[in-house]
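In the text below, chain A, chain B and the rest are named by the order of the sequence lines, each starting its count at 1.
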Protein chains: 2
Amino acid sequence: MDIRTRLISTAEQLFDRYGFTATGMDRLTQAAGISSRTLYKHVGSKNGLMAAVLNERDRRFHRLVGADNIDALFDALEIWFAREGARGCLFLRAWGETGGSVPEIAEAMARHKQRLRQRIDEIVVAEIGRRDDELAEAILLLFEGATHAATYRGGAAVDGARRAAHRLVETARAPRRR
Amino acid sequence: MDIRTRLISTAEQLFDRYGFTATGMDRLTQAAGISSRTLYKHVGSKNGLMAAVLNERDRRFHRLVGADNIDALFDALEIWFAREGARGCLFLRAWGETGGSVPEIAEAMARHKQRLRQRIDEIVVAEIGRRDDELAEAILLLFEGATHAATYRGGAAVDGARRAAHRLVETARAPRRR
DNA sequence: CCCAATGTAAAACGATCACTTTACCCATGC
DNA sequence: GCATGGGTAAAGTGATCGTTTTACATTGGG
């Protein structure tokens with residue numbers, strides 16, 4: 001495996017499991033099986049590594065969440081949690097641990113969340129045949145909620161989010177008479 | 001002001017703004033205006049301080065979220081964010097930064113989330129006159145989603161969650177004929 | 001009146017932090 | 001046939017980490 005890929009992948013795992021600040025560079029180089037000199041040649045700094053991890057995760061996330069309907073969206077989330085565990089959104093965690101003051105990290109998070117919202121917009125159009133900002137916002141909130149509630153409620157959180165999303169889609173499809 | 005109260009209150013602010021691990025004890029003692037010896041007499045350790053901060057926050061949170069209807073619930077969240085800013089759930093952040101391996105912190109988070117779920121159960125009963133686990137779960141997810149989405153979407157996230165919750169309450173009040 | 005409690009200031013603890021440097025190894029390619 | 005690029009190991013950088021210690025001030029109650 002490519003050395004940079006291995007570095008970023010092991011860093012992602014350690015950051016996710018133990019936190020960013022709490023994970024030292026020694027532990028990181030040892031787990032990745034590379035020297036610290038090589039690490040700094042590749043990513044420049046710890047912040048650079050964090051940003052690289054986030055950008056790689058964003059790519060991987062959107063490769064998985066590629067479908068165009070509600071079920072596929074929450075199925076993807078369920079698969080993700082089954083594979084890697086649920087410890088909250090890594091982008092928000094990185095942003096929080098750095099106090100929002102590291103530009104590369106803040107930007108990575110902003111990009112990720114913006115893309116997520118776009119994907120949900122597309123799903124809404126595929127589901128009800130037109131744009132609906134209120135519905136998209138609600139699904140985003142359910143997705144975000146499931147991401148974080150899954151840390152303490154497990155997979156049931158994803159089920160609940162999927163069901164609620166379906167109900168909201170139904171009311172959006174056939175708006176109540178008044 | 002009582003010294004312990006001042007300590008925990010300033011610690012809460014610093015932890016929230018800059019992260020737990022990134023906030024050193026020196027910075028903490030200086031901001032609180034106390035010596036490190038006094039700090040350790042009061043809370044024993046940094047983990048002890050973190051747990052104390054979380055437990056105090058839980059008390060404060062439930063004092064604010066004391067109402068028994070949907071609007072009051074999300075109004076409380078909006079007021080909270082206006083007062084203190086939105087940087088994600090501090091309980092989840094503490095749990096994540098410590099890798100979930102500090103018992104006092106994991107327990108503080110578990111208690112907090114359990115109480116939140118109970119409060120929402122009560123709100124559901126007050127709104128529709130009976131228990132409804134699916135509805136309560138959905139509202140919890142919207143609340144959790146708003147808490148985290150507000151970090152990057154601002155107060156609009158709370159509005160969206162409130163509207164979605166109202167729609168779900170409506171469908172639960174008058175279940176669709178089939 | 002003084003003892004105990006509670007606070008301060010400041011230094012020291014060893015460990016660990018992110019990061020750099022020094023010195024060396026070993027392929028590949030002109 | 002040797003320079004060069006990319007890697008290693010390991011020591012060292014000064015700073016900062018959480019925590020403890022030493023020595024001293026203040027104050028309220030028996």
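Among residues two or more places apart in sequence or in another chain, the side-chain hydrogen bond (donor to acceptor under 3.5 Å, both in side chains) test is passed with H42(A) by none. Remark: D2(A) engages no residue in a salt bridge (Lys or Arg N to Asp or Glu O under 4.0 Å) (not counting sequence neighbours). Applying the side-chain hydrogen bond (donor to acceptor under 3.5 Å, both in side chains) test to T38(A) and every residue at least two apart in sequence or in another chain returns S35(A). For D68(B), the side-chain hydrogen bond (donor to acceptor under 3.5 Å, both in side chains) test picks out no residue, with sequence neighbours left out. For Y40(A), the ring-ring contact (aromatic ring centres under 6.0 Å, His included) test picks out no residue, with sequence neighbours left out. Judged as a side-chain hydrogen bond (donor to acceptor under 3.5 Å, both in side chains), and not counting sequence neighbours, the contacts of R111(A) are N55(A).
As rounded to whole Å, 12 Å separates atom P of dG18(D) from atom CD of E97(B). Summarising the geometry, the separation between NZ on K46(B) and P on dT20(D) is reported as 15 Å, rounded to the nearest angstrom.
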Exercise. Could you run down nucleotides 6-11 of chain C 5' to 3' and tag each one B, S or - for protein heavy-atom contact under 4.0 Å?
Worked result: -SBB--
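The salt bridge (Lys or Arg N to Asp or Glu O under 4.0 Å) analysis of residues 138-154 of chain A, with sequence neighbours excluded, yields the pairs K113(A)-E144(A), R153(A)-E137(B). Applying the side-chain hydrogen bond (donor to acceptor under 3.5 Å, both in side chains) definition to pairs two or more places apart or across chains, those involving residues 86-104 of chain B are D16(B)-R87(B), D16(B)-R93(B), T21(B)-E97(B). The salt bridge (Lys or Arg N to Asp or Glu O under 4.0 Å) analysis of residues 28-56 of chain A, with sequence neighbours excluded, yields the pairs E56(A)-R59(A).
Near DNA chain D, meaning a heavy atom under 4.0 Å away, there are no residues from residues 19-30 of chain A.
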Using atom names, set out every protein N or O paired with an N or O of nucleotides 25-28 of chain C below 3.5 Å, distance rounded to 0.1 Å.
none

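In this structure, R27(B) satisfies the cation-pi test against Y18(B), with its NZ or CZ atom closer than 6.0 Å to the six-membered ring centre and inside 45 degrees of the ring normal.
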